[in-house]
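Okay, so here's the structure we're looking at.
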Amino acid sequence: MEPVGPASERAPGQAAMDGRDAGCEQYRIELEAAGHVYFEYDPRSARMVAGKPWTILGYGPDERSASIDAWIDLVHPEDRAGLVEGMRRQHREGAPTHRVEYRMRAKDGPWRAVLVSSRALARDPEGVPIRTACTITDVTDARALRERVAYADRLSSLGSLAAGVAHAVNNPLVSVTAGLRLLQEELERSAVDPRRLAEKQPELRQAIADALAGADRVRDVVRGLQLFSAPRAGGVREPVDPRSELGAALDLTRNAVSQRARLTVDLGANLPRVFAVPGELGQAFVNLLMNASGAIPEGHSADHEVRVVARAADGRVLVEVTDTGVEIRPEQLPRLFEPYSPRVGSSIAPGLGLSVCHGVVTAAGGTL
């Protein structure tokens, strides 16, 4: 924008300010051309102080208020709790950056998925952000693609797990059917000799206990299958218990892992809930466990170990899956999370596993 009047009439510093404003405007144009909208907000006043991010939803520049409350009104009701908690965490913990994905109502009606990335521009003496820079990106199509990829990966994983799941269900069913048959036979015999039932009580009690334990085991495996194969549609994040997701993943993969290594599990007692799509974390854990077991050669299970550790760390949850199989080569690391990137020495065919893990964890605001 050209300044008014000749250069000699400009106020001190005006030329530099005009140049900076022109540069900022050019930067905003480039961002919008790439599908992003830039804005800034002041957490103290709860107002946006630069930019008009609602334009990405089809609203005119002056159609919406700059207050954060007006912005949150556009957010899907099921996503508001996660958004507000993320903003509070950034404000409370002083995190340098924050990324959160949620759905918002577009002007023409449908819900759009957006990704908002923020960074503190200025802080008060106590380190609390007082001005934050943000970009917002419409990721509706990317989310739909991610969900299709995750579904394809689930189908592929279920095929790999089928034999192990069948074995995990068949073994406890043997206890259930054996206990029921014993109970049936003894009831029939006691009709002839009533004293027999009293004599056999300890044996029958144990058979019933074994049958109940087997039924509980089958229930756990089925629960894991339900959680893994049919996560909630729409990608809605909510507080999720990571112990439950890990438990379901272990139920599904325990047999496959145990054929190759000792499985050691250490789950912390007080793991905080995390905002994620129910079932998606379980899918990531299944993929990591299968990746670990696939790196271990068959026939030497006593010499190898897969260790799963979960613990709370600074208000977050840290999950480690470690195996004693073939190492990941340094040249593989840059492409580790690319789809169909093979792990040399692994029996797991290259697929979407680690790529899906990376997408699930980062979408939940974590790192892998």
Side-chain angles (χ1 to χ4, degrees), residues 157-230 240-271 278-279 281-283 285-286 288-290 292-294 296-311 319 321-324:
S157 296
L158 283 174
S160 301
L161 289 168
V165 170
H167 185 78
V169 170
N170 186 64
N171 281 352
L173 277 179
V174 170
S175 298
V176 174
T177 55
L180 291 175
R181 284 198 180 99
L182 177 61
L183 184 60
Q184 182 184 39
E185 291 170 1
E186 292 302 328
L187 286 174
E188 291 174 352
R189 290 171 182 169
S190 67
V192 178
D193 183 5
R195 291 175 301 177
R196 183 180 179 86
L197 193 59
E199 295 171 356
K200 290 286 185 177
Q201 244 189 44
E203 184 179 347
L204 293 177
R205 288 181 183 276
Q206 184 59 51
I208 292 173
D210 292 343
L212 288 173
D216 287 341
R217 173 67 182 142
V218 172
R219 179 200 60 197
D220 291 340
V221 174
V222 171
R223 178 180 61 88
L225 276 173
Q226 290 174 329
L227 187 66
F228 178 75
S229 61
V240 171
D241 180 4
R243 282 179 61 93
S244 176
E245 301 267 332
L246 259 174
L250 288 165
D251 286 336
L252 288 177
T253 59
R254 191 179 304 275
N255 184 72
V257 173
S258 298
Q259 290 180 359
R260 294 172 181 259
R262 303 183 312 277
L263 179 59
T264 305
V265 180
D266 180 10
L267 305 186
N270 298 308
L271 299 181
L281 280 182
Q283 180 180 1
F285 295 144
V286 164
L288 289 174
L289 286 162
M290 293 301 291
S293 66
I296 297 172
E298 291 182 313
H300 304 278
S301 59
D303 301 325
H304 288 281
E305 180 186 36
V306 172
R307 177 179 292 272
V308 181
V309 177
R311 64 180 184 272
V319 179
V321 179
T322 310
D323 67 75
T324 56

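For Ile296 against Ala292, the heavy-atom pair with the smallest separation is CG1-O, 3.7 Å. A pairwise comparison of heavy atoms in Val176 and Gly214 identifies CG2-C, 3.8 Å as the closest pair. Between Phe285 and Ala249 the shortest heavy-atom distance is CB-CB, 3.6 Å.
Within a 6.0 Å radius of CG in Asn270, no more than 12 heavy atoms belonging to other residues, nucleotides or ligands are found. Within a 6.0 Å sphere centred on CD of Glu298, heavy atoms belonging to other residues, nucleotides or ligands number 12 at most.
Arg243 contributes a side-chain N or O that, together with a main-chain N or O of Gly268, makes up a donor-acceptor pair within less than 3.5 Å.
In summary, of the residues considered (Leu187, Thr177, Leu204), a side-chain contact (heavy atoms from CB on, under 4.5 Å) with Leu182 occurs for Leu204 alone.
With a 4.5 Å cut-off on side-chain heavy atoms, Ser293 and Gln259 do not count as touching.
Taking CG of Asp266 as the reference point, atom CZ of Arg311 lies at 9.0 Å (rounded to 0.5 Å). Remark: Leu281 CG to Ser244 OG distance equals 10.5 Å, nearest 0.5 Å. Interatomic distance, Thr324 OG1 to His300 NE2, rounded to the nearest 0.5 Å: 11.5 Å. Going from atom CD1 of Ile208 over to atom CD of Glu203 covers 11.0 Å, rounded to the nearest 0.5 Å. Once rounded to the nearest 0.5 Å, the distance linking CZ of Arg219 with CG of Leu212 reads 10.5 Å. Of the inter-residue distances, the one linking Leu289 atom CG with Leu246 atom CG reads 7.5 Å to the nearest 0.5 angstrom.
Sorted by first and then second residue, the pairs that involve residues 173-186 and meet salt bridge (Lys or Arg N to Asp or Glu O under 4.0 Å), not counting sequence neighbours, are Glu186-Arg189, Glu186-Arg196.
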* Check the pair Thr253 / Met290 against side chain to side chain contact (heavy atoms under 4.5 Å, CB included), numbers first and verdict last. => CA-CA 7 Å; Thr253 59; Met290 293 301 291; 4.0 Å; yes
* To do: Using the side chain to side chain contact (heavy atoms under 4.5 Å, CB included) rule, take Leu263 and Leu250 through it: C-alpha gap first, then chi angles, then the decisive distance, then the call.
  => CA-CA 9 Å; Leu263 179 59; Leu250 288 165; 4.0 Å; yes
